Amino acid sequence: MIEREIFEIVLWGFLASGVVIFVSLLFITAPYGRHLRPHWGPTLPARFGWVLMEIPSPALMVALFIVGDRHGNLPAVVLLCLWLLHYLNRTFVFPFRLSPASKPMPLAIAAFGFVFNLFNGYLNGRYLFAFGPILPDDWLTSPNFIAGALIFAVGFAINQHSDALLRRLRGPGESGYRIPRGGLYRWVSSPNYLGELVEWLGFALASASPAAWVFFAWTACNLVPRALAHHRWYRKTFPDYPPERRAILPGLL
Ligand SMILES: NC(=O)c1ccc[n+]([C@@H]2O[C@H](COP(=O)([O-])OP(=O)(O)OC[C@H]3O[C@@H](n4cnc5c(N)ncnc54)[C@H](OP(=O)(O)O)[C@@H]3O)[C@@H](O)[C@H]2O)c1
């Protein structure tokens with residue numbers, strides 16, 4: 001079997017695994033952060049866990065660009081830059097902004113995230129830099145790309161701003177929780193997850209890549225149940241939690 005055929009099978013299998021994860025996460029909340037539970041085995045310091053979990057994404061994307069055949073193709077380079085904008089931050093900046101008092105991360109979660117990022121990085125990098133059609137330079141001025149890149153930028157800004165508001169809730173050495181306020185917290189409990197979803201929707205539009213659409217679907221399968229779990233937790237923990245606030249989609253969910 002040639003790699004292209006294996007790629008198709010992995011892509012569909014990856015999408016199917018996202019649906020399985022979605023259903024599982026509606027019943028079992030991933031045990032990290034406020035949902036950490038003791039019986040999930042050994043743990044790692046949170047910073048190390050995040051770096052380990054995320055590193056396949058930027059590393060594989062760069063490696064697949066290098067071994068691919070799109071070095072002189074401007075749309076491929078721009079899409080690589082968008083990917084790296086997100087993943088260099090998530091892998092090398094975000095973890096070191098976490099408080100040293102952050103809860104440890106179960107090794108099982110870091111291992112799961114590592115495997116997810118291996119598959120996701122492979123699928124996206126291989127499609128963009130080898131198997132997908134070579135996008136012409138004027139793709140960058142097409143409505144698809146412009147709308148996708150703008151949506152990506154808005155999602156990135158929402159994600160960054162929302163994570164920054166959470167960081168400000170804790171003083172040095174604190175590890176407790178407060179009701180977040182300001183920004184999109186006015187409307188939803190997890191605007192950082194909403195921003196992440198918007199980002200990958202934009203990337204899927206900008207790249208017209210089936211692998212990016214599968215990544216967007218997987219992000220929703222992972223983050224929507226977690227946002228619902230956070231929302232239930234906030235309501236249970238804070239009797240004065242703003243009643244009009246939704247979990248992840250303003251006014252809807
Ligand atoms: N693409 C994906 O599928 C995916 C998956 C997971 C995460 N992410 C992204 O990774 C980032 C972090 O995710 P996460 O699941 O760790 O987000 P999170 O549960 O919102 O927590 C983010 C950080 O803020 C702290 N925090 C959260 N709520 C707080 C509150 N009410 N008061 C004080 N501190 C609070 C958390 O501390 P604790 O750790 O102590 O709770 C953690 O350090 C987000 O930007 C998210 O979008 C992406």
Side-chain angles (χ1 to χ4, degrees), residues 14 17-18 21-22 25 29-37 43-47 49-51 53-54 56-57 83 86-87 89-106 109-110 112-117 119-121 124 152 155-185 188-204 212 214-238 241-242 245 247-248:
F14 193 56
S17 70
I21 286 294
F22 175 72
L25 290 177
T29 303
Y32 72 94
R34 79 197 66 191
H35 307 290
L36 182 66
R37 299 184 291 284
T43 56
L44 301 169
R47 287 179 173 172
W50 275 100
V51 174
M53 184 162 81
E54 303 293 334
S57 273
W83 184 276
H86 176 89
Y87 272 111
N89 172 69
R90 177 68 71 231
T91 312
F92 299 113
V93 180
F94 170 80
F96 297 97
R97 285 175 155 174
L98 290 173
S99 155
S102 285
K103 291 181 188 60
M105 179 184 286
I109 290 288
F112 181 85
F114 182 87
V115 172
F116 166 82
N117 282 308
F119 277 99
N120 195 46
N124 277 281
F152 180 91
F156 185 75
I158 292 173
N159 178 262
Q160 291 294 301
H161 183 238
S162 308
D163 276 342
L165 289 176
L166 287 182
R167 273 195 297 275
R168 285 182 217 152
L169 293 175
R170 286 179 178 159
E174 279 182 13
S175 58
Y177 295 90
R178 294 195 171 90
I179 299 178
R181 301 195 189 269
L184 268 68
Y185 287 100
V188 291
S189 296
S190 296
N192 50 350
Y193 295 166
L194 173 62
E196 185 98 24
L197 271 177
V198 170
E199 255 184 283
W200 297 116
L201 170 67
F203 188 82
V214 168
F215 178 27
F216 168 63
W218 232 105
T219 305
C221 289
N222 185 17
L223 293 184
V224 169
R226 190 163 180 82
L228 292 171
H230 275 19
H231 192 61
R232 283 193 299 271
W233 179 93
Y234 274 124
R235 288 196 150 169
K236 207 169 85 186
T237 308
F238 299 105
Y241 196 66
R245 208 179 277 189
I248 186 163

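Everything quoted here is computed from the prediction, not taken from an experiment. As the structure lists them, so they are numbered: ligands from 1, and atoms in each ligand from 1.
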(request) Specify side chain, backbone, both or neither for Asn192, according to which of its non-hydrogen atoms lie closer than 4.0 Å to ligand 1. (result) both
(message) Measuring from atom 40 (O) of ligand 1, which candidate in Trp218, Tyr177, Trp200, Trp50 has the nearest non-hydrogen atom?
(response) Tyr177
(message) Just by distance, no angles: are the side chains of Trp200 and Glu196 close enough, under 3.5 Å, to form a donor-acceptor pair?
(response) yes
(message) Students should be able to answer this: which protein heavy-atom is nearest to atom 12 (C) of ligand 1, and at what distance?
(response) Phe94 CZ, 3.4 Å
(request) Considering heavy atoms of the protein only, find what lies nearest to atom 21 (O) of ligand 1 and give residue, atom and distance to 0.1 Å. (result) Leu166 CD1, 4.1 Å
(message) A cation-pi test, strictly: NZ or CZ of Arg245 under 6.0 Å from the centre of the six-membered ring of Tyr241 and no more than 45 degrees from its axis. Yes or no?
(response) yes
(message) In terms of relative ring orientation, are Phe152 and Phe156 parallel, tilted or perpendicular, with 30° and 60° separating the classes?
(response) parallel
(request) Evaluate the criterion side-chain hydrogen bond (donor to acceptor under 3.5 Å, both in side chains) for residue pair Tyr32 and Arg37; output intermediate values, then yes/no. (result) CA-CA 8 Å; Tyr32 72 94; Arg37 299 184 291 284; over 6 Å; no
(request) From the options Lys103, Arg170, Arg167, Arg226, select the one whose nearest heavy atom is closest to atom 33 (C) of ligand 1. (result) Arg170
(request) Mind checking the CG-NE2 spacing from Asn192 to His161? Nearest 0.5 Å is all I need. (result) 12.0 Å
(message) Could you identify the single nearest non-hydrogen protein atom to atom 27 (C) of ligand 1 and state the distance to 0.1 Å?
(response) Arg34 NH2, 3.1 Å
(request) Drop me the distance from Tyr193's OH to Leu184's CG, to the nearest 0.5 angstrom. (result) 15.5 Å
(message) Tell me the protein heavy atom at minimum distance from atom 6 (C) of ligand 1, and give that distance in Å.
(response) Tyr32 OH, 3.5 Å
(request) Could you list which atoms of ligand 1 come closer than 4.0 Å to a heavy atom of Leu98? (result) 43 (O)
(request) Within a distance under 4.0 Å of any heavy atom of Gly33, pick out the atoms of ligand 1 and give their elements. (result) 38 (P), 39 (O), 41 (O)
(request) Mind listing the closest non-hydrogen atom pair of Ala247 and Val188 along with its distance? (result) O-CB, 3.6 Å
(request) Classify the contact between Arg178 and ligand 1 as side chain, backbone, both or neither, using a heavy-atom distance cut-off of under 4.0 Å. (result) backbone
(message) Just to confirm my output: which protein heavy-atom neighbour is closest to atom 1 (N) of ligand 1, and how far is it?
(response) Glu196 OE2, 3.0 Å
(message) Does atom OH (Tyr87) have a neighbourhood of more than 12 heavy atoms from anything else shown, all under 6.0 Å?
(response) yes
(message) Using ring centroids (six-membered ring only for Trp), state whether His86 and Phe203 fall under 6.0 Å.
(response) no
(request) Please could you name the atoms of ligand 1 that Asp163 approaches to less than 4.0 Å, counting only its heavy atoms? (result) 11 (C), 44 (C), 45 (O)
(message) Tell me the contacting part of Ile179 for ligand 1: side chain, backbone, both, or neither, using a 4.0 Å heavy-atom threshold, strictly below.
(response) neither
(message) Can you confirm whether Pro104 sits close enough to Leu36 that some side-chain heavy atom of one is under 4.5 Å from a side-chain heavy atom of the other?
(response) yes
(message) Both conditions, 6.0 Å and 45 degrees, for the charged tip of Arg90 above the ring of Phe94: are they met here?
(response) yes
(request) Pull out every atom of ligand 1 sitting under 4.0 Å from any heavy atom of Arg90, numbered as shown with elements. (result) 9 (C), 10 (O), 11 (C), 44 (C), 45 (O), 46 (C), 47 (O)
(message) Does ligand 1 come near enough to Tyr193 that some N or O of the ligand is less than 3.5 Å from an N or O of the residue?
(response) yes
(request) Please confirm whether Trp218 and Phe22 have ring centers closer than 6.0 angstrom. (result) no
(message) I'd like to check which ligand 1 atoms, numbered from 1 as shown, lie under 4.0 Å from a non-hydrogen atom of Gly176.
(response) 33 (C)
(request) List every atom of ligand 1 that sits less than 4.0 Å from any heavy atom of Asn222, numbering the atoms from 1 in the order shown and giving each element. (result) 3 (O), 5 (C)
(message) Quick test: of every protein heavy atom, which one is nearest to atom 4 (C) of ligand 1, and how far off is it to 0.1 Å?
(response) Leu223 CD2, 3.8 Å
(request) Just need the protein heavy atom nearest to atom 19 (O) of ligand 1, so name the residue and atom and give the distance. (result) His230 NE2, 2.8 Å
